[in-house]
Amino acid sequence: ALQVGDDVARFRAFRCKLEGPTGVAVRLVGTGDTIFDDCEFAWCGIGVDFVGGATSFPTQTLIRNSRFHNIVTAHLRGTGGTGKNVNTELIDNFHDKDELAVGPTDYLLLDAAGSTGLVSGCRFAHATNQATVLTIAAGIMWAANATEAGWSTARPV
């Protein structure tokens with residue numbers, strides 16, 4: 001796993017492939033101003049794992065024009081008291097299933113209290129924007145994302 005650790009600022013990844021084979025492809029721990037652009041996250045349990053606490057957590061993360069596929073557990077995860085992420089922007093990403101048309105347990109599991117950000121222009125290989133596979137904190141905005149049901153600005157329910 002690629003781990004971007006505490007006090008790392010301005011980490012950039014362009015046109016790269018980040019993969020397992022198991023576990024986590026990328027772990028962000030207390031980072032700031034991180035960009036993944038035109039990257040591929042694949043063949044792992046978790047694509048991007050946000051790790052932090054009350055005072056040290058990932059901030060200003062941009063994941064844009066990237067592809068997630070063949071991920072078993074979650075494409076992006078930041079749960080409970082240890083997964084707070086602030087100003088996370090997920091823009092124009094494609095979230096696919098695996099070769100057998102099996103999706104992850106969760107595409108997005110970003111429900112840690114205090115998390116903020118924006119999910120916009122992303123495409124999910126799922127029938128609808130259900131909260132059972134798209135779980136986001138109240139502070140994360142959901143703007144015009146697509147599932148098999150079409151484009152929607154409605155938050156996952």
Side-chain angles (χ1 to χ4, degrees), residues 1-98 102-126 129-142 145 155-156:
L2 169 66
Q3 179 162 316
V4 183
D6 287 324
D7 300 322
V8 171
R10 295 178 187 82
F11 176 83
R12 305 290 189 257
F14 298 98
R15 290 177 296 249
C16 61
K17 183 171 186 176
L18 302 147
E19 60 182 41
T22 61
V24 177
V26 175
R27 180 172 286 118
L28 300 177
V29 182
T31 57
D33 192 14
T34 304
I35 294 176
F36 293 92
D37 195 350
D38 192 21
C39 293
E40 179 181 2
F41 300 84
W43 304 105
C44 56
I46 298 167
V48 178
D49 197 17
F50 294 93
V51 180
T55 59
S56 177
F57 44 82
T59 64
Q60 301 173 343
T61 303
L62 170 62
I63 302 174
R64 171 178 57 205
N65 301 317
S66 295
R67 181 172 180 240
F68 293 80
H69 66 92
N70 292 86
I71 297 174
V72 177
T73 304
H75 288 188
L76 294 112
R77 178 181 79 170
T79 61
T82 62
K84 179 179 176 180
N85 52 90
V86 176
N87 293 346
T88 298
E89 297 180 11
L90 308 175
I91 311 293
D92 295 326
N93 299 308
F94 184 72
H95 297 268
D96 203 357
K97 298 178 179 180
D98 65 16
V102 176
T105 305
D106 295 284
Y107 287 96
L108 304 179
L109 188 53
L110 301 173
D111 62 346
S115 293
T116 62
L118 171 68
V119 180
S120 179
C122 296
R123 279 116 16 237
F124 297 91
H126 194 264
N129 61 343
Q130 297 174 358
T132 55
V133 294
L134 298 166
T135 307
I136 59 174
I140 297 176
M141 295 180 290
W142 181 269
N145 293 287
R155 290 179 69 81

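Because the structure is a prediction, the values reported are computed rather than measured.
- A pairwise comparison of heavy atoms in Asn87 and Thr116 identifies N-OG1, 2.9 Å as the closest pair.
- With respect to His75, the ring-ring contact (aromatic ring centres under 6.0 Å, His included) criterion is satisfied by exactly one of Phe124, Phe94, Tyr107: Tyr107.
- Residues Pro156 and Ile136 form a side-chain contact, since some pair of their non-hydrogen atoms from C-beta on lies under 4.5 Å apart.
- Panel note: side chain Arg27, backbone Ala25; no donor-acceptor pair is recorded below 3.5 Å.
- Residue Thr135 holds its OG1 atom at 5.5 Å from CG of Leu109, rounded to the nearest 0.5 Å.
- Interatomic distance, CG of Asp106 versus OG1 of Thr73, reported as 8.5 Å (0.5 Å rounding).
- Taking SG of Cys122 as the reference point, atom CH2 of Trp142 lies at 7.0 Å (rounded to 0.5 Å).
- Of all heavy-atom pairs between Thr31 and Leu28, the closest is OG1-CB, 3.9 Å.
- Heavy-atom minimum distance, Ile63 versus Asn93: O-ND2, 2.9 Å.
- Remark: Asp49 engages Arg77 in a salt bridge, criterion side-chain N to carboxylate O under 4.0 Å.
- Asn129 is not listed as a side-chain neighbour of Asn145, based on a closest heavy-atom distance of 4.5 Å or more.
- Remark: Phe68 CZ to Glu40 CD distance equals 10.5 Å, nearest 0.5 Å.
- Ring pair His69/Trp43 is perpendicular by interplanar angle, where above 60° counts as perpendicular and below 30° as parallel.
- Ser66 places a side-chain N or O within 3.5 Å of a backbone atom of Arg64 that can act as its donor or acceptor partner.
- Not one N or O on the side chain of Asn85 forms a donor-acceptor pair closer than 3.5 Å with the backbone of Pro58.
- Nearest approach of Lys97 to Ala125, heavy atoms of both residues: CE-O, 2.7 Å.
- Listed here is the closest heavy atom pair of Lys84 and Gly114: CE-O, 3.7 Å.
- Nearest heavy-atom pair, Ile71 versus Pro104, reported as atom, atom and distance to 0.1 Å: O-CB, 3.2 Å.
- Between the side chain of Arg67 and the backbone N or O of Ala42, no donor-acceptor pair lies under 3.5 Å.
- Rounded to the nearest 0.5 angstrom, Ile35 CD1 and Glu89 CD are separated by 9.0 Å.
- Remark: Ile140 CD1 to Leu118 CG distance equals 9.5 Å, nearest 0.5 Å.
- Aromatic ring orientation, Phe41 versus Phe36: perpendicular (interplanar angle above 60°, classes split at 30° and 60°).
- Taking the side chain as every heavy atom from C-beta outward, Leu108 and His95 approach each other to under 4.5 Å.
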